[in-house]
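Scroll down for the structure; my scribbles are underneath it.
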Amino acid sequence: MPKSVGTERVLGQASWRLSSPGVEAFVTRLGGHLGPVVFRLDDCDVNPYAVCPWAEEPMDMVIPPILRVLRGDFFCMPFGANEAAFRQEQHPPHGEAANGNWQLESLHSESDSVTLHASLATCVRTGRVDKYIRLRGDHTAIYCRHVIAGMDGPMSLGHHAMLKFPEAPGSGLISTSPFVWAQTAPLPVELPENQGYSLLKPDAAFTSLEEVPTITGELSDLSRYPARRGYEDLVMVVADPALDPAWTAVTFPAQRFVWFALKDPSVLRQTVFWFSNGGRYYPPWDGRHTDVMGLEEVTSYFHYGLAESAHSNPLDRAGHRTCLQLNADSPLDVRYIMGVVSIPDGFDRVESIEAGAEAGTVRIRSASGIDVHTAVDLSFMCSG
């Protein structure tokens with residue numbers, strides 16, 4: 001670890017700080033969680049990511065590190081609960097990448113960028129993960145890269161971004177690039193006998209986020225959040241593989257900004273939407289994790305884990321792969337961009353995100369026909 005770069009204690013966790021004119025971000029040593037993050041827009045600072053309400057409380061050590069740290073965005077490998085072992089591998093929830101102690105390799109500044117490089121040696125499946133978090137000039141975007149080396153075999157993985165929404169019902173408008181398949185979780189996310197509650201009907205297919213079946217027989221609009229206070233729910237959509245890139249976005253009209261994420265759908269094939277609105281009444285949740293939404297870009301069979309993703313499952317049988325095949329001799333490069341942009345009055349739900357007419361920009365168009373442009377280096381998405 002570089003001797004000159006220390007950590008700061010931020011919301012209960014030793015963290016590395018990196019900053020640019022457009023963004024200030026922290027990365028926790030434990031779990032490698034990215035957060036908090038401040039995006040510096042022209043008229044205000046924006047801090048959209050969630051941090052668990054127990055971040056600075058004493059925690060029982062039986063609670064896994066991922067829950068003690070829980071914030072912002074983190075890389076999961078394997079993605080999911082991992083309650084069942086895969087072959088001889090028993091991974092922690094969301095894998096060692098989200099729970100282990102990362103080592104700082106460098107924090108390097110250039111004329112127009114700063115990059116944090118951290119590494120993690122994995123034990124459950126021996127290998128190495130290198131994390132690169134890059135900020136560029138005045139871009140209000142974060143460029144995330146994870147390189148997985150030295151491993152063989154199937155692996156589910158993904159990013160686990162979490163946003164904290166303003167309390168007002170429906171304060172955020174959610175949208176995605178076109179998807180080719182969508183379904184609620186096959187099993188209830190929570191059960192009353194376990195001190196948890198879910199509202200969406202299990203194993204229900206849908207074609208629009210605006211009309212999703214519930215256990216009451218009514219339809220719920222998942223494109224507006226917060227909603228469904230007192231419940232924890234989860235759905236998954238499969239991105240159109242022809243997109244370049246695929247995207248997820250949330251418009252916050254009252255706060256006058258859009259949060260967006262960009263991915264390669266051949267690497268991160270699905271999006272898991274986790275609606276966490278106070279539906280867990282067991283520790284450490286205790287009904288207080290509210291108005292949080294996970295927008296999780298993954299290749300996985302829902303949130304179940306590696307065993308369920310690597311073995312035959314309905315999604316895989318439908319032609320949508322739920323694992324990537326790792327090769328020890330050929331590192332896997334996973335790239336992901338998150339950013340924010342200011343919006344004018346009248347800008348509503350995001351309808352499209354595509355390369356802008358000017359190089360190094362993207363154009364974000366609303367359903368109301370308003371365009372905004374922001375600096376994003378889309379060439380970053382091209383590995384190699």
Side-chain angles (χ1 to χ4, degrees), residues 73-80 94-95 97 125 127 129-134 141-161 175-183 235-249 260-273 294-306 308-339 350 352-355 362-364 376-384:
D73 173 68
F74 48 91
F75 187 67
C76 306
M77 190 187 75
F79 186 86
H94 287 311
R125 184 185 298 182
V129 184
D130 284 278
K131 177 191 298 284
Y132 301 89
I133 306 296
R134 185 182 185 194
I142 304 171
Y143 300 87
C144 304
R145 180 185 177 207
H146 289 83
V147 180
I148 304 152
M151 300 185 197
D152 283 307
M155 181 61 70
S156 62
L157 52 76
H159 278 267
H160 197 293
S175 53
T176 75
S177 51
F179 51 83
V180 296
W181 181 97
Q183 185 183 302
V235 304
M236 173 182 275
V237 304
V238 177
D240 183 341
L243 295 170
D244 181 22
W247 55 266
T248 305
F260 62 92
L262 308 175
K263 67 174 183 179
D264 177 350
S266 70
V267 178
L268 299 171
R269 298 186 177 97
Q270 297 97 22
T271 303
V272 170
F273 293 97
L295 302 102
E296 304 159 21
E297 306 298 348
V298 306
T299 291
S300 180
Y301 184 56
F302 289 89
H303 58 305
Y304 296 122
L306 179 57
E308 292 83 353
S309 299
H311 294 147
S312 178
N313 60 67
L315 186 55
D316 184 70
R317 291 194 294 273
H320 306 295
R321 292 170 55 196
T322 53
C323 267
L324 297 170
Q325 191 70 27
L326 300 182
N327 183 331
D329 297 324
S330 180
L332 176 67
D333 195 338
V334 182
R335 301 190 181 211
Y336 178 60
I337 301 173
M338 297 176 288
V350 173
S352 66
I353 301 179
E354 58 189 28
V362 296
R363 184 188 72 180
I364 302 177
V376 174
D377 179 13
L378 287 176
S379 69
F380 172 81
M381 301 297 292
C382 303
S383 60

| Is a side-chain N or O of Ser309 found less than 3.5 angstrom from the main chain of Cys323, in a donor-acceptor match? | no
| Taking C-beta and beyond as the side chain, do Val180 and His320 meet within less than 4.5 Å on heavy atoms? | yes
| Side chains of Trp247 and Ile364: closer than 4.5 Å at any heavy-atom pair? | no
| In chain order, what residues pass the side chain to side chain contact (heavy atoms under 4.5 Å, CB included) check against Ala239, with sequence neighbours excluded? | Ala246, Lys263, Pro265
| query | Considering all heavy atoms of both residues, which atom of Cys144 and which atom of Met338 are nearest to each other, and what is their separation? | reply | SG-CE, 3.9 Å
| remark: Nearest heavy-atom contact between Tyr143 and Asp377 is OH-N, 2.9 Å
| remark: Heavy-atom nearest pair, Asp152 first then Ala328, reads OD1-N, 2.9 Å
| request: Identify the heavy atoms of Glu297 and Thr271 that sit nearest to each other, and give their distance. | output: OE1-OG1, 2.6 Å
| message | Are Met155 and Arg125 packed together at the side-chain level, in the sense that at least one heavy-atom pair is separated by less than 4.5 angstrom? | response | yes
| query | CG/Leu262 to CG/Leu243 distance, rounded to the nearest 0.5 angstrom? | reply | 11.5 Å
| Under 3.5 Å, is there a donor-acceptor pair between the side chain of Thr299 and the main chain of Val267? | yes
| query | Out of curiosity, Arg269 CZ to Leu324 CG, how far, rounded to the nearest 0.5 Å? | reply | 5.0 Å
| message | Just so I know, are the side chains of Phe179 and Val238 near enough to count as touching, which here means a heavy-atom distance under 4.5 Å? | response | no
| message | For a quick test of reading the model, state the closest non-hydrogen atom pair linking Phe75 to Leu157 and the distance between them. | response | CZ-CB, 4.3 Å
| task | Would you please say whether a donor-acceptor pair under 3.5 Å links the side chains of Arg317 and Ser312? | result | yes
| message | Tell me whether Ser156 contacts the main-chain N or O of Pro78 through its side chain, where contact means a donor paired with an acceptor under 3.5 Å. | response | no
| request: State, to 0.1 Å, how close Phe273 and Leu295 come at their nearest heavy-atom pair, and which atoms those are. | output: CE2-CD2, 3.8 Å
| field | Point-to-point distance, once rounded to the nearest 0.5 Å, from CG of Leu326 to CG of Leu332 | value | 6.0 Å
| request: Ignoring hydrogens and angles, tell me if any N or O in the side chain of Gln270 forms a donor-acceptor pair with the backbone of Ser300 under 3.5 Å. | output: yes
| query | Given the rule in the side chain to side chain contact (heavy atoms under 4.5 Å, CB included) test, do Asn313 and Glu308 qualify, once you have shown the distances and angles that lead to the verdict? | reply | CA-CA 7 Å; Asn313 60 67; Glu308 292 83 353; 6.0 Å; no
| said: Is the distance from the ring center of Phe74 to that of His159 below 6.0 Å? | reply: no
| message | Please enumerate all residues that pass salt bridge (charged side-chain N to carboxylate O under 4.0 Å, His left out) together with Asp264, with sequence neighbours excluded. | response | none
| Check: Ala261 main-chain N/O paired with Thr248 side-chain donor or acceptor under 3.5 Å | no
